[in-house]
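First the proteins, then the strands, lettered A, B, ... as listed; each starts at 1.
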Amino acid sequence: MKFTLIAQDAGTAARAGEIVTSRGTVRTPVFMPVATRGAIRALSGRDVDELAFDIILSNTYHLYLRPGLEVLREAGGLHAFMRHHRPILTDSGGFQVFSLSDFCRVSEDGVEFRSTHDGSLHFFTPEKVLEIQEVIGSDIMMVLDQCTDYPIDAKRSREAMERTLAWAARSRLAWGERFDPEVQSLFGIVQGSVFADQRRECTGRLAELSFPGYAVGGLSVGEPKELYRDMTALTLPLLPPDRPRYMMGVGSPMEILFAVAHGADMFDSVMPTRIARNGTLYTSEGRIHIKSSRFRTDQGPLDPSCSCYVCARYSRSYLRHLYHAGEIAALIYNTHHNLHFMKSFMEEARAAIIAGTFGGLLERWGALYGEDDAR
RNA sequence: GGUGAGGUUCCCGAGCGGCCAAAGGGAGCAGACUGUAAAUCUGCCGGCGUAGCCUUCGAUGGUUCGAAUCCAUCCCUCACCA
């Protein structure tokens with residue numbers, strides 16, 4: 001993997017770049033749709049091909065539990081398994097282990113947890129998680145980290161941060177010893193919850209380990225938006241400027257734009273796909289609830305200025321009907337549209353950075369998605 | 001024509017003397033969702049001046065301090081038999 005900066009905004013820290021991987025180039029800033037179990041929920045591979053995201057995200061935890069490593073190994077890795085030829089980033093499973101397991105025991109060595117599928121016991125170590133991601137064949141791997149909930153007290157946050165750093169060091173070592181950095185790269189993750197001193201310290205110590213890229217974790221987990229903004233604005237500038245910066249789990253359009261303005265390059269979130277399935281759609285005029293009665297007979301397109309096939313072809317009235325009727329097509333169309341929105345949203349941001357008009361874009365979107373969306 | 005079962009708030013459906021404006025679904029309406037245990041979840045869902053009052057459980061008339069619940073008559077459904 002190789003990261004090159006192409007342009008920097010004059011008024012903000014926003015930047016445009018390129019991550020070149022062995023499977024293709026990722027133009028940043030980029031949004032990565034989430035294909036947790038090897039598929040973007042509700043979408044066919046054809047939709048995914050048509051949307052043509054430079055990179056998508058999948059998940060170590062879920063793939064390890066099902067279908068399991070044997071199946072993935074036999075298939076020749078995740079790309080071959082799902083017939084997807086563009087880059088894939090995998091989350092390490094740290095987030096899942098800590099957020100959805102009712103049983104997990106952390107020790108210095110790793111974390112023991114119960115499978116959400118069948119209750120069986122498993123043990124993840126930083127090294128183990130790299131081995132799994134090796135089998136998956138991810139282009140960008142993530143280190144095992146301890147993601148904390150919000151709220152959390154400073155003491156427990158620090159413990160999680162120290163553990164994350166210790167695991168990061170081991171991960172960095174194991175990666176350096178056995179991985180080809182051109183083929184599979186590895187990102188470290190900053191933790192520290194909403195504590196400025198911890199964020200600062202964690203960022204500095206993580207940077208000393210010299211990862212190919214850096215992620216900011218533990219944000220957009222329910223904290224007030226001021227804290228999200230404070231931590232983002234504090235952390236991003238402390239990360240090495242010549243490496244990609246990835247805001248994990250972020251987020252909504254305005255949160256993304258805010259972070260881009262502070263120098264972030266990569267994003268992922270379940271938000272556009274999940275809210276699509278639940279009837280909320282992004283448009284150039286703000287968020288809309290397609291199930292609302294006000295669209296009952298609305299013959300207009302979902303978003304007049306969107307170029308996706310759903311907007312080209314279907315009316316709001318029809319999409320509302322499909323949603324209410326519980327048709328599977330509603331999930332497909334809504335998801336396709338929201339992801340198309342995210343993709344063009346990011347392309348627009350990138351183009352603006354390159355053209356030197358990012359400030360204007362920030363203002364325009366802020367007016368539409370401002371307070372409402374920036375939670 | 002005979003026998004049996006039944007008619008409950010938009011729909012289905014519980015209730016079978018007071019704790020019933022009436023369980024539970026569904027539909028409808030509004031909202032939430034952030035490194036996906038989510039096609040999920042939450043709230044509202046007879047009316048109003050909302051710790052109270054008014055209207056409502058096929059219709060009418062009774063019994064009772066009190067009826068969706070008991071009785072009588074009528075209307076209407078459904079099932080089986082002729």
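At B:A38, one or more side-chain N or O atoms of A:R41 fall inside 4.0 Å of OP1 or OP2 (strictly under the cut-off). Contact between the side-chain N/O atoms of A:R274 and the OP1/OP2 oxygens of B:U34 is found at a separation under 4.0 Å. When the side-chain nitrogen and oxygen atoms of A:T36 are compared with OP1 and OP2 of B:U36, one or more of them lie within a distance under 4.0 Å.
Judged purely by distance below 3.5 Å, without hydrogens or angles, the side chains of A:S120 and A:D118 pair a donor atom with an acceptor atom.
Geometrically, A:R245 does not engage A:Y214 in a cation-pi contact defined by less than 6.0 Å to the ring centre and at most 45° from the axis. For the pair A:R243 and A:F3, the cation-pi criterion (under 6.0 Å, within 45° of the ring axis) is not fulfilled.
If you measure from atom CG of A:N334 to atom P of B:C33, you get 17 Å, rounded to the nearest angstrom. Between the P atom of B:U34 and the CD1 atom of A:I256 lies a distance of 14 Å, rounded to the nearest Å. Rounded to an integer number of Å, the gap from CD1 of A:I40 to P of B:A39 is 15 Å. For the pair A:I132 CD1 and B:G35 C1', the computed distance is 16 Å after rounding to whole Å. Distance A:L63 CG to B:U36 C1': 12 Å, rounded to the nearest Å. With rounding to whole Å, A:Q96 atom CD is found 6 Å from B:A37 atom P. Nucleotide B:A38 holds its P atom 14 Å from the CG atom of A:L331, rounded to whole Å. In this entry the distance linking OH of A:Y246 with P of B:G35 reads 9 Å, nearest Å.
Across B:C74 and B:C44, the matching P atoms stand 45 Å from one another, rounded to whole Å. B:C45 and B:G6 have their P atoms separated by 32 Å, with the value rounded to a whole Å. Comparing the same atom, P, in B:G15 and in B:A23 gives a spacing of 13 Å after rounding to whole Å. Rounded to the nearest Å, the gap between the P atom of B:C11 and that of B:G4 is 30 Å. Between B:C53 and B:A14, the two C1' atoms lie 27 Å apart (nearest whole Å). Rounded to a whole angstrom, the distance from the P atom of B:G25 to that of B:U77 is 32 Å. To the nearest whole angstrom, the two C1' atoms, one in B:C16 and one in B:G66, are 16 Å apart. Here the separation of B:U63 from B:C71, taken at their C1' atoms, is 7 Å to the nearest Å.
Of all nucleotides listed (B:G35, B:U34, B:C33), B:U34 comes nearest to the side chain of A:S220.
With rounding to the nearest 0.5 Å, the separation of CG in A:L130 from CE in A:M142 is 11.0 Å.
Nucleotide B:A68: unpaired (no Watson-Crick or G-U wobble partner with both distances less than 3.5 Å). For B:U50, there is no paired base (Watson-Crick or G-U wobble, both distances below 3.5 Å). With both pairing distances under 3.5 Å, B:U73 is matched to B:A59 as a Watson-Crick or G-U wobble pair. With both pairing distances under 3.5 Å, B:U3 is matched to B:A79 as a Watson-Crick or G-U wobble pair. Summarising the base pairing, B:A30 is matched to B:U42 through a Watson-Crick or G-U wobble pair whose two defining distances lie under 3.5 Å. Using the Watson-Crick or G-U wobble rule with both distances under 3.5 Å, B:G35 pairs with nothing in any strand shown. Searching all strands for a Watson-Crick or G-U wobble partner of B:C16 with both distances below 3.5 Å returns nothing.
A:S157 places no side-chain N or O within donor-acceptor distance of the main-chain N or O of A:D153, the cut-off being under 3.5 Å. Under the 3.5 Å distance criterion, the side-chain polar atoms of A:S185 are left unmatched by any main-chain donor or acceptor of A:M1.
A donor-acceptor contact under 3.5 Å is formed by the side chain of A:E255 with the base of B:U34.
In this structure, A:E74 places its CD atom where only 12 or fewer heavy-atom neighbours from other residues, nucleotides or ligands lie under 6.0 Å away.
No side-chain heavy atom of A:T25 sits less than 4.5 Å from a side-chain heavy atom of A:D54.
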For nucleotides 29-31 of chain B, print each protein N/O atom paired with a nucleotide N/O atom at under 3.5 Å, atom names and distance only.
from, atom 1, to, atom 2, distance (Å)
B:C29, OP1, A:R320, NH2, 2.3
B:A30, OP1, A:S292, OG, 3.0
B:A30, OP1, A:S293, OG, 3.3
B:G31, OP2, A:H289, ND1, 3.2
B:G31, O6, A:K291, NZ, 3.3

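Look at A:D265 and A:R15 and you find a salt bridge, because one of the NZ, NE, NH1 or NH2 atoms lies within 4.0 Å of a carboxylate O, short of that distance. Ionic pairing of A:R105 and A:E112 is present here: one or more N-O contacts between side-chain nitrogen and carboxylate oxygen are shorter than 4.0 angstrom.
The residue A:N59 sits close only to the backbone: its heavy atoms come under 4.0 Å of sugar-phosphate atoms, none of a base. Across all strands shown, A:I189 has heavy atoms under 4.0 Å from base atoms, whether or not it also approaches the sugar-phosphate. Counting non-hydrogen atoms under 4.0 angstrom, A:E327 reaches nothing in the nucleic acid. Among the protein residues, A:G218 comes within range of the nucleic acid bases, having at least one heavy atom under 4.0 Å from a base atom.
In terms of position along RNA chain B, the nucleotide closest to A:A35 lies nearer the 5' end than the nucleotide closest to the other residue of the pair A:A35 and A:I328.
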